[in-house]
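So the structure is just underneath, and the comments pick up after that.
The model shown is predicted, which means the values in this text are computed figures rather than measured ones. In each ligand, atom 1 is the first atom listed, and ligand 1 is the first ligand listed.
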Amino acid sequence: MCGIVGYVGPRDCSDVLVSALTKLEYRGYDSAGIAVFENGKIEVAKSKGRLSDLVEKMKKEGKPQGHAGIGHTRWATHGEPSDVNSHPHSGRRVTIVHNGIIENYKDIKQFLIENDRTEFLSDTDTEVVAQLLDFYYDGNPIRCIRKVLHEIRGSFALGIVFADRPETVYAVRCESPLIVGQGKGEAFIASDVPAIIKYTKDYYLLEYGEIAVLKNGSVSFCDFHGRMVEKELKTADWDEDSAEKGGYPHFMIKEIHEQPTAVKTTITPRIENGLPDLSECGITPETLKSFNNIFIVACGTAMHAGMVGKYVIEKLARVSVTVDIASEFRYRDPLIGENDLVIIISQSGETADSKAVLNLVKGTKAKTLAIVNVKGSSIAREADMVIYTHAGPEIAVASTKAYMVQLAVMYLLAFEMAYAKGRIDEEKCRQLTGELVKMPEVIEKTINSISTVCQFISTQLITADSLLYIGRGLDYALSMEGSLKLKEISYIHSESYAAGELKHGTISLITDGMPVIAVATQNSLLEKTVSNIKEVKARGAMTIVICDEKAEIDRDAADYMVRIPKISQTLMPMVATVPMQLLAYYTSVNKGNDVDKPRNLAKSVTVE
Ligand code: F6R
């Protein structure tokens, strides 16, 4: 949520900031702005709307010319999207950009009004911090930042410039992620690595309470107490192409096509002699044997991957799994036992509610396992064990490849746990693992074979106001994700329902022509699901059935069918995900929506 960047070096600073912000727009896109030192003075350009609106504005009015500055792309939390609420925000001598939330901003605002007669221009919590920095500024930036850090509460990362410290950028991190890039004779700050990958792959990860000073192209660090800190320089293993669309019209479709590779890269290092082996993640069969209960906690799509995990782990390993939404789990005083395992799934590794769950569980004797995509993210670093998914950067706000690799990890975990607990024998474990190994090929084949039909079916969905996704068992878990994907980018209201539950109330919603998408890949439940499809069809629904190529389904039950390759029931979710993604994608495209940046949303939800 919100992306911040900063630059000090020989290049045209405005251009660098805009280029870096382009890669962070997934974090928020309701306004954007930059502040650059021009002839020793801070010049600000900002605008409501997309980054492209800011670029247009600067084309007309001129862009700040200089070699050091900060920038921001916003997802509004305090105050509507408007020019005046856009970052950067300034006091008399200080200008800042901010990602996160300042919880006690009202108290500070009151304090500044009473003690400094400060006048505020915007409704933001950020301006309050800029004014507080100004209030304490005595010519020593570090002392001033430290003083302010003692007074503000919340999760935040800041980029700061002081008017009397030209060509210098300060940055500080408390919770919200921030990296500091180091190039040859130039330095950067950014909320995420893809922002700077075009310029350098070398970066430092700022830790909680650390302050960075970017000056003369190099960087120095100190901690919360003002003590100098030596930091380890890391090298990103993503290349520039991974943050570009690579010829695809949208990141989402590019990322759908990247799924076979992402799955392969995720599972290959975790399979040894045909059997799952998570030892490189610090997970042994003994560890897996020791757990009595499992909680899977996450948000949104990641939580839906956990739903699939629940079905598979319970079925194969016979361990009880509870799946929870992180924002609920953290406040419901859950009963967590000593030998329990809490799995947190998160693409970004920075989601505020998921992070809070991790902190909560750390106060118990249970073990925590993070399944995370972004290396070095907070959740990954703080959990007892971590399995990284290797999806590469996911830029589209609607998650696709990250979900797919989360499923892959759920399977690895389920297979190894089931084998470790003696619930399946070696032969069965080998057979399941072998099927998982084939998935990249099957997913690729599926994408290629069903794209056209999904594109066509989506033209039948665009006029709908509301639709239902239904399924049973694993198909129900999947339909939750299908429904979320569709609604978030097509803006068509959609609910997922357990197919057998419809008749207990929801079936009254069915009207003539209302689309019902049925996921029917579980052979053992097929007959029952088909009955439910017929029930909605008899009440006027337009039915779209996602089933395997061999499934016997009466032609009159389905208005449209998407046939996908038949593999074992257990692994069907990894294939059935593809049509759901494509239906959502093409519906959004056909409606003319901004697929990668759906309204009101942002990726990496670092606020509660
Ligand atoms: C939807 C989507 C979100 C995220 C959720 C959790 O397409 O991407 O629902 O899954 O915000 O984010 P992470 O996985 O970063 O914790």
Side-chain polar contacts of residues 409-417 - donor-acceptor pairs under 3.5 angstrom, sequence neighbours left out - could you list them?
residue, atom, partner, partner atom, Å
Tyr411, OH, Thr570, O, 2.6
Glu416, OE1, Leu278, N, 3.0

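- The closest approach between any non-hydrogen atom of Asn373 and ligand 1 is not below 4.0 Å.
- Contact annotation for Glu350 and ligand 1: no heavy atom of the residue comes within less than 4.0 Å of the ligand.
- Contacts with ligand 1 closer than 4.0 Å are made by no heavy atom of Met303, backbone or side chain.
- With salt bridges taken as basic N to acidic carboxylate O contacts below 4.0 Å, one links Glu25 and Lys597.
- Using a cutoff of 4.0 Å between basic side-chain nitrogens and carboxylate oxygens, Lys355 and Glu350 are scored as salt-bridged.
- For atom 13 (P) of ligand 1, the nearest non-hydrogen atom of the protein is Thr351 OG1, 3.2 Å.
- Among all protein heavy atoms, the one lying closest to atom 2 (C) of ligand 1 is Thr301 OG1, 3.6 Å.
- The existence of a salt bridge linking Arg332 and Glu328 is excluded, since no basic side-chain nitrogen approaches an acidic carboxylate oxygen closer than 4.0 Å.
- For Glu481 and Tyr403, the side-chain atoms include no donor-acceptor pair closer than 3.5 Å.
- Taking distance alone, with nitrogen or oxygen atoms compared against 3.5 Å, Lys603 stays at or beyond that limit from ligand 1.
- At the shortest separation from atom 5 (C) of ligand 1 among protein heavy atoms lies Cys299 O, 3.6 Å.
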